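Since the structure comes first, as structure tokens, the remarks are kept for the end.
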Amino acid sequence: MRSEINSRPVRWADRTLTVLKAARLEACEKELAGLGGCGLFDQETTDMDAERLFEQSWYAGEEKEAHLHTIEEMRVKVLSQFPAEMGLLSPEEYELVVKAALFGGEMPIFDGNDLIPARSLIRRMWCRARPERGHWIAMPRQLCAAALMMLASEELKSVREIASDITETVDNTLYLVGMMPAEIVIKDMAFRLQGSMAADRPDLYSRMLKASFETVISPEGQLMLVHAGLAEPRSLPGSGIGLNPGLSRESMEDLYSSLMDLEDPLYDRMLSLIQDVIRPETSAEDAVEDLILLAKQGAPVEEMRQVLGEKIICLPTKEMLSALQALHDRIPRWFSLKMERVQ
């Protein structure tokens with residue numbers, strides 16, 4: 001995924017996770033609508049289509065030396081790394097691949113949240129878009145068959161367990177500090193996947209992280225993983241517990257558990273106060289999450305009051321304002337660093 005950085009000032013009400021998610025889904029929907037055309041494994045696909053498919057793929061940002069591509073070359077590359085890559089799909093991509101394989105290769109995207117992983121599968125050249133049918137994707141039968149055969153593989157299960165554990169750890173770390181270097185995670189993956197079918201594939205490790213998380217490039221040219229609710233990556237972090245490669249997994253788990261002990265009562269209190277007066281276009285859970293993430297980014301309490309007021313159908317009560325002040329004062333802040341470029 002790509003984090004879009006806006007150079008103009010944006011009001012805090014437009015920096016909530018709810019607004020950011022909606023903008024990302026809208027951009028993805030527009031992109032998918034213009035993708036059409038044959039896929040890598042379609043019979044009618046020829047070398048005339050090779051550069052178009054390549055430029056739409058993850059490979060375009062990974063290839064070190066530019067050259068003209070052929071369909072046969074790209075088919076061999078995709079098929080040869082299919083087992084390792086299936087083990088390193090994002091959780092959302094993996095779920096879509098299993099569904100597509102079980103449905104015989106073609107399926108509609110009913111849930112808007114599936115648009116982003118669907119786009120990533122197209123970037124892997126595993127699927128193609130079917131915009132003429134709406135939100136549909138098509139997966140070639142040979143890849144469906146390969147995926148179904150692999151589902152019973154113990155080696156795939158082992159790699160998936162490691163990938164899922166790493167994804168959860170990164171999720172928790174990003175919630176703690178907002179942003180962290182991808183290099184730390186890639187090194188951890190390389191160590192934990194030694195001897196597996198996904199060993200020595202830093203390109204696929206990086207691809208999994210880009211498919212799973214928002215990313216930016218630091219001023220030093222370093223790939224950074226970003227929490228989805230971080231509206232201005234330029235404002236965050238250059239140092240902090242999440243960026244310390246010497247911090248053990250157990251220590252990170254303890255820190256996350258301690259943070260939940262602090263935040264859960266604040267979350268529950270606000271949720272109980274607004275759940276009966278929330279506007280119909282949102283949910284009380286999303287509203288509280290938006291407020292907590294704004295607090296982590298240092299939003300002024302007055303701006304948080306405005307956001308709260310836009311989420312409910314009445315004026316905020318004294319109890320709500322008290323709970324909001326507690327969120328503002330007690331939620332730990334993320335760290336700060338100026339960022340420049342977008343990945």
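Being a predicted model, the structure only gives us computed values, none of them experimental.
A donor-acceptor pair under 3.5 Å links the side-chain atoms of S80 to the main chain of V76, judged by distance alone. For the pair R279 (side chain) and I312 (backbone), a donor-acceptor distance under 3.5 Å is present. With Q194 contributing its side chain and F191 its backbone, the two residues share a donor-acceptor pair below 3.5 Å. With hydrogens and angles disregarded, no donor-acceptor distance shorter than 3.5 Å links the side chain of Y205 to the backbone of K187.
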> Would R192 and D165 count as a side-chain contact (heavy atoms from CB on, under 4.5 Å) if you check the C-alpha gap in whole Å, the side-chain angles of each, and the deciding distance to 0.1 Å?
Replying inline: CA-CA 11 Å; R192 297 183 65 185; D165 183 56; 2.8 Å; yes
> Would M180 and V170 count as a side-chain contact (heavy atoms from CB on, under 4.5 Å) if you check the C-alpha gap in whole Å, the side-chain angles of each, and the deciding distance to 0.1 Å?
Replying inline: CA-CA 9 Å; M180 67 183 294; V170 173; 4.3 Å; yes
>> Determine whether E73 and H67 satisfy the following criterion, side chain to side chain donor-acceptor pair (under 3.5 Å), listing intermediate values before the conclusion.
In response: CA-CA 12 Å; E73 167 204 343; H67 67 279; 3.1 Å; yes
> Can you check side-chain contact (heavy atoms from CB on, under 4.5 Å) on L193 and R201, steps first, answer last?
Replying inline: CA-CA 9 Å; L193 290 167; R201 292 305 306 263; over 6 Å; no
> Checking side chain to side chain donor-acceptor pair (under 3.5 Å) for the pair E155/S153: CA distance, chi angles, key distance, verdict?
Replying inline: CA-CA 5 Å; E155 189 169 18; S153 165; 5.2 Å; no
> Is there a side-chain contact (heavy atoms from CB on, under 4.5 Å) between M197 and M150 once you walk through the steps?
Replying inline: CA-CA 12 Å; M197 65 181 183; M150 285 193 64; 3.9 Å; yes
>> Working note: E106 + R133, criterion salt bridge (Lys or Arg N to Asp or Glu O under 4.0 Å); need CA distance, chi angles, decisive distance, verdict.
In response: CA-CA 11 Å; E106 293 206 19; R133 300 188 65 179; 3.0 Å; yes
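Grouping the Ile, Leu, Val, Met, Phe, Trp and Tyr side chains by contacts below 4.5 angstrom, directly or via other members, places I109 with M139. L25 and L20 fall into different hydrophobic clusters, where Ile, Leu, Val, Met, Phe, Trp and Tyr side chains are chained together by heavy-atom contacts under 4.5 Å. L321 and L266 are not part of a single hydrophobic cluster, where members link through side-chain heavy atoms under 4.5 Å apart. No chain of hydrophobic side-chain contacts below 4.5 Å, direct or via other Ile, Leu, Val, Met, Phe, Trp or Tyr residues, connects L68 to L53. M304 and I278 fall within a single hydrophobic cluster, where Ile, Leu, Val, Met, Phe, Trp and Tyr side chains are chained together by heavy-atom contacts under 4.5 Å.
Between K157 and E161 there is no salt bridge, since no side-chain N of the basic residue sits under 4.0 Å from a carboxylate O of the acidic one. In summary, E132 and R130 engage in a salt bridge, as defined by a charged side-chain N under 4.0 Å from a carboxylate O. At a threshold of 4.0 Å, the pair E263-R330 does not count as salt-bridged, since none of the basic side-chain nitrogens sits closer than that to a carboxylate oxygen. Taking 4.0 Å as the cut-off between side-chain N and carboxylate O, E214 and R24 count as a salt-bridged pair. Under 4.0 Å is where a charged nitrogen must lie from a carboxylate oxygen, and between D286 and K311 no such pair does. Salt bridge E310/R11: present, at least one basic N to carboxylate O contact under 4.0 Å.
Between I274 and M320 the shortest side-chain heavy-atom distance falls below 4.5 Å. For the pair D261/S257, a side-chain contact is recorded, criterion being any heavy-atom separation below 4.5 Å from C-beta on. Side-chain contact between Y59 and H69 is absent, with no heavy-atom pair separated by less than 4.5 Å. When side chains are defined from C-beta on, L40 does not count as touching T45, because their heavy atoms never get closer than 4.5 Å. E319 places none of its side-chain heavy atoms less than 4.5 Å from the side chain of S322.
Within a 6.0 Å radius of CD in Q43, no more than 12 heavy atoms belonging to other residues, nucleotides or ligands are found. Residue-environment remark: CE (M260) exceeds the threshold of 12 foreign heavy atoms within 6.0 Å. Annotation: Q56, atom CD; neighbour count of heavy atoms from other residues, nucleotides and ligands within 6.0 Å is above 12. In this structure, D42 places its CG atom where more than 12 heavy-atom neighbours from other residues, nucleotides or ligands lie under 6.0 Å away.
T70 and R75 share no side-chain donor-acceptor pair at under 3.5 Å. Side-chain atoms of S90 and E93 form a donor-acceptor pair, as typed in the model, at a separation below 3.5 Å. Counting only N and O atoms by type, the side chains of R333 and Q297 include no donor and acceptor under 3.5 Å apart. Side-chain polar atoms of E168 and Y256 form no donor-acceptor pair below 3.5 angstrom.
Between W334 and H227, the angle of the ring planes lies from 30° to 60°, which puts this pair in the tilted group.
Aromatic rings from W126 and F82 are positioned such that their centres are separated by under 6.0 Å.
For the salt bridge (Lys or Arg N to Asp or Glu O under 4.0 Å) test with E62, the passing option among R123, R207, K210 is R207; the others fail.
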